[in-house]
Amino acid sequence: MDMGNIVQNIYNPYKIERKWQSIWRKSKLFSPDLNSASKPFYNLMMFPYPSAEGLHVGNMYAFTGSDIYGRMKRMQGKDVFEPIGLDGFGIHSENYAIKVNRNPKEQAKISQKNFYRQLEATGNAYDWERTLQTYDPDYYKWTQWIFTQLFKAGLAYRKKSPVNFCPSCKTVLADEQVVNRQPETRNQKPETNIGVCERCQTPVEKRELEQWFFKITKYADRLLKGLEKIDWSERVKIAQKNWIGKKEGIEIGYEVAGGPPKARLAKGGRLQVVCWTSRPETNFGATFVVLAPEHPQVLEITKPEHKKEVEKYIKASQNKSNEDRLTEGREKTGAFTGSYALNNLTGEKMPIWVSDFVLVEFGTGAVVGVPGHDRRDFEFAKKFKLPIKQVIAKPPQGWNSIDTSGLNAAYEGGGKIVNSGPWNGWRTPQDLGKVIDWLEAKGMGKRKATYHLRDWLISRQRYWGPPIPMVYCQTCASKGISWFSSNKRAESHHREISNFLFDSKLAQSEQYQISNKSKKIGNSEWNSAGWFPVGKEDLPVLLPDVKDWKPRGGARGPLAHVESFVKVACPKCGAAARRETDVSDTFLDSAWYFLGYLALGHQKSNLRPELRSREVKNQKYNSKVKNELEIINYLPKADHPLEGKLEIPWDREVTRRWLPVDMYIGGAEHSVLHLLYTRFLTMVFKDLGLTRFEEPFTKFRAHGLLVSKGAKMSKSKGNIVNPDDYIEKYGADTLRCYLMFCGRYQQGGDFRDEGIEGMSRFLKRVWRIANIVGRLSGHQEIRLSGNKKPDGPTTRQPESLTIMHQTIKQVTEDIESLDYNTAISALMIWLRALEKKTVDGNENKSVNRELITINELETFLKLLAPFAPFICEELWQRVHSRQFTVNSHKEAVNGQLKTNDWSVHFQPWPKFDSKLAKTEEIQLVIQVNGKVRDTLSAIRGISQNEAEKSALASEKVQAHIGNKKYKTIFVKDKILNFVLK
RNA sequence: GGCCUGGUGGUGAAACCGGUAUACACGUCAGACUUAAAAUCUGAUGGCUGAAUAAGCCGUGUGGGUUCGAAUCCCACCCAGGCCACCA
């Protein structure tokens, strides 16, 4: 044995992984031609946000799982596009920058380098020609442009909204930065109901700020309906459904009696308060009405002598921090307005109260109190000594008895309706529809659905994000001039687009009614006077370099203090105006990145040489349009309304070819926000004629959570796993396989150090067996024999063939269903069987070359390739006697060699024959009374008679049957059960 | 409080449509190789009773139910993790 061979035969993951990273990258192996791919397959994974020192092993877990799927699809003949980028704009990255006390822009450069280095080391088949970073001006130019499009379409508006404020950090916090207070000791549970700052644990306060919102509520019904058509993890669909939270109910108007004399306005000349309820069948039990403190009618309704108290209450609830609420517990508070609402059913007067347990955003912001049958109403009634009536009888004891005296809790369940005039004897919830019909028929109320979904708050009082591209001009505002009114055509076009948005199916829907209603009741009838979007020619609004970039107290972000940024001439009148200084939510960046990959890539021209020529034609989209109205002029009347007329960030042909995304994989923690926002934006794009599909992701799968030592990874627990360490020690292939082996991918797994050694051994064994077969057999020879004498059934089906087909079957099906752990286990079993074919696993002894065929070895490498791409590529070359180095294979690197000629990752995926995957011999289980007593080796397809005959011959079986009578249950090829009588 | 996951050996976990529970891996024990150790390879490994590689019983969070047969289906409950929460 010469020394060269020895050196060559040591598995050195570090060396071969570096080598193939370089060759793959230089040969642009995984950069498909977006323009001409015939079988496009968009394999997308949620891009990471660089918020810490480097890639988290949880990221690697997620990405590897997605990559394995994409790699199989590629070998199955698809043109797979698997892009990666960084979601590096936004609060996560900024928080990390604060922590390390470095300017986010500088930190982004450092993170970018580090993340991409790590991402490449993981061995994923990324298209490195088309990476994107959300903080690149090239990218956020279009994020801003998208904002202006939504503004022009009437889908962006301003309103006052409470934000979370940390008095200690003196900064505005996003919802996700407000967490439950952590316990002092480990044994305690976290206290719920107390929002604290995630960094300093200080209870947060609420502050009112005027901010930008997107009208996602307008799309609530479509977002709900769309779920039926898409192939997503069921749990994610349920989460979205719950988040949208559609509930059927009824709106009932109550006439206000005894209000202040001035307040007799409203439509019918009378003042009404409108309440929404999902349980109108309890309405005979209504004894009071409660308005939210922010309800617009509160002061109107309040009698003069109660004004002081009510005003005081409103003010107090506005200033209420979460800590105040804690000290008060959940005890109800409130103030009486002095007015009464007339209960249409009973004719009784119900006092109208104000209380902060009623939310202004939900329903109509007013609640009719039914203390007998609602927990909160009950608490409220007890506190303020309001009457409690029972109108639902609790079955079965209470069917006929009505007793409210000893009532110490509200009964919220169903039962017979009592004490309710014409409804007596009806049942709830069965007769709910009947009740609503009755109320509608009498004109007392109107069916209406209500939603949990709120409009999307876009504004962030932060530095590290895309400045919201809007300008506010006080001069224009004072004259009542807005963007909509300033352009002669704008208003009508605005109306046109609104009409379009609603007319197309939406106008008839109840959602349209809802949003119209909320316009009136909420304060979303906003005054757009003075607001102008920045024109496309002036985009991007660059994020200025700011020395003092850290968030500070108060209502404004750091940009508000940069005079050179704020000052701008009004685009309408030229007067001194100011820019919007908030930046947009990071979820806006990530809501269109799947389009961004396809879009921004073709602005670069460093594609594989054979692709370059095709690229030129796609540069034409740059034609200038000097039209403020842009899209509005090009509503989808024609087939290609935008063709050549409007600069949009993506190529229509390319997007049509590749979208929607074929497979999207990511964490379940994004079940609602990211995935819902992305769906929303996609629908808007479609409505604006920018794209042609309604749903962005045809198929989505949520992976599970990777924990470490049974607990979620966190610094405080000291169980964080850094992928770098493991890649260095074992190689990326081993880590990839081990991560996938930890448990079922869609359910998560537990990473334990001890286990990885086993995976390392497995790959070493693969390495050894491939090298033994390759070296001792002689490559040419083996290749020929593989081609000339393919495995196939001769007279008897060899066992080796069965296990190969079984393995192919299992691995193929397991990858398809993302059960990677069992796929790897199948490969381990097969490897063990292959090793048995060698005289001895020890390579010093000879190998029986007759027994392991080249077909088996090749098939094995192909099946393993998605999991362990580096080692399989290396072994593939060795088996085909190629000494592949970066320098020696210029043909491949220069793209002269076809990818499927040399790379294992472009080889056709092995096919299995279901017949061959079954053994001829089966083990038939013999049971007596359902208990296993023996097993029987039999030929597949054995008849019941034969089986019974053989089974009865068994002593073990006889011992249990004896002379007793029995009947039998026979499940073919599985079970024979003797049931004794 | 609501919703979603899950609960199987010493450990991570398998088990298709209800059909041999514990595949695969870790760990442990024993053996081979070695002067020795490491590495590697081979074998054993749910619990109890048993000398046993005989036989039997018990066993998938708990208690019931359906069934010839239940980790799997149904009902009630307990526990853990995640998300949301005064949503009428």
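Here is how names work: the chains are called A, B, and so on, in the same order as the sequence lines, proteins then strands, and each is numbered from 1.
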* To do: Using Watson-Crick or G-U wobble geometry with both distances below 3.5 Å, tell me the partner of G69(B), or none.
  => none
* N/O (side chain, R376(A)) to phosphate O (OP1/OP2, G1(B)) under 4.0 Å -> no
* Asked: What orientation do H670(A) and H674(A) show, parallel under 30°, tilted 30 to 60°, or perpendicular over 60°?
  -> perpendicular
* Asked: Whom does A55(B) pair with, Watson-Crick or G-U wobble, provided both distances fall under 3.5 Å?
  -> U49(B)
* C41(B) pairs with which nucleotide, Watson-Crick or G-U wobble, both distances below 3.5 Å? -> G31(B)
* Asked: Got a donor-acceptor pair under 3.5 Å from the side chain of K967(A) to the base of C68(B)?
  -> no
* To do: Examine A14(B): is either OP1 or OP2 under 4.0 Å from a nitrogen or oxygen in the side chain of N821(A)? Give yes or no.
  => yes
* To do: Once you apply the 3.5 Å cut-off to both distances, tell me the Watson-Crick or G-U wobble partner of A76(B), or none.
  => U62(B)
* Asked: Between C58(B) and K931(A), is there an OP1 or OP2 to side-chain N/O distance shorter than 4.0 Å?
  -> yes
* Report the base-pairing partner of C3(B) (Watson-Crick or G-U wobble, both distances below 3.5 angstrom), or none. => G82(B)
* Does OP1 or OP2 of U40(B) have a side-chain N or O of R761(A) closer than 4.0 Å? -> yes
* Structure fact -> Relative to its sugar, using the 90° cut-off around 0, the base of G50(B) is syn
* Reckon V370(A) touches a base, only the sugar-phosphate, or nothing at all at heavy-atom distances under 4.0 Å? -> nothing
* Asked: Any side-chain heavy atom of E251(A) sitting closer than 4.5 Å to one from T277(A)?
  -> no
* Structure fact -> Mate of G12(B) across any strand shown (Watson-Crick or G-U wobble, both atom pairs under 3.5 Å) is C24(B)
* To do: Pick base, sugar-phosphate or nothing for L359(A), based on heavy-atom distances below 4.0 Å to the nucleic acid.
  => base
* For the residue pair F741(A) and Y820(A), is the inter-centroid distance of their aromatic rings smaller than 6.0 Å? -> no
* Report yes if a donor N or O on one partner sits less than 3.5 Å from an acceptor N or O on the other, where the partners are the side chain of R832(A) and the base of C24(B); otherwise report no. => no
* Quick one: is A15(B) close enough that its OP1 or OP2 comes under 4.0 Å of any side-chain N or O from R744(A)? -> yes
* Would you say Q927(A) reaches G19(B)'s phosphate, i.e. side-chain N/O to OP1/OP2 under 4.0 Å? -> no
* Asked: With a 4.0 Å cut-off on heavy atoms, is N242(A) in touch with a base, just the backbone sugar-phosphate, or nothing at all?
  -> sugar-phosphate
* Asked: Using a cut-off of 4.0 Å on non-hydrogen atoms, how would the nucleic acid contact of E669(A) be classed: base, sugar-phosphate, or nothing?
  -> nothing
* **Shortest side-chain distance from I975(A), nucleotide among U20(B), A13(B), A14(B)** => U20(B)
* Contact class for K972(A) vs. all strands (heavy atom < 4.0 Å): base, sugar-phosphate, or nothing? -> nothing
* When you check the gap from the basic side-chain N to the acidic O, do R940(A) and E921(A) get nearer than 4.0 Å? -> no
* Asked: Y966(A) vs F978(A) aromatic rings, parallel, tilted or perpendicular, using cut-offs 30° and 60°?
  -> perpendicular
* Considering only NZ, NE, NH1 and NH2 on the basic side and carboxylate oxygens on the acidic side, decide whether R447(A) and E248(A) come within less than 4.0 Å. => no
* Structure fact -> To the nearest angstrom, the CZ-C1' distance between R933(A) and A55(B) comes to 11 Å
* Please work out if V979(A) contacts a base, only the sugar-phosphate, or nothing of the nucleic acid, heavy-atom cut-off 4.0 Å. => sugar-phosphate
* Asked: Can a side chain N or O of H960(A) be found less than 4.0 Å away from OP1 or OP2 on G56(B)?
  -> yes
* Structure fact -> Given the 90°-from-0 boundary between syn and anti, C24(B) should be labelled anti
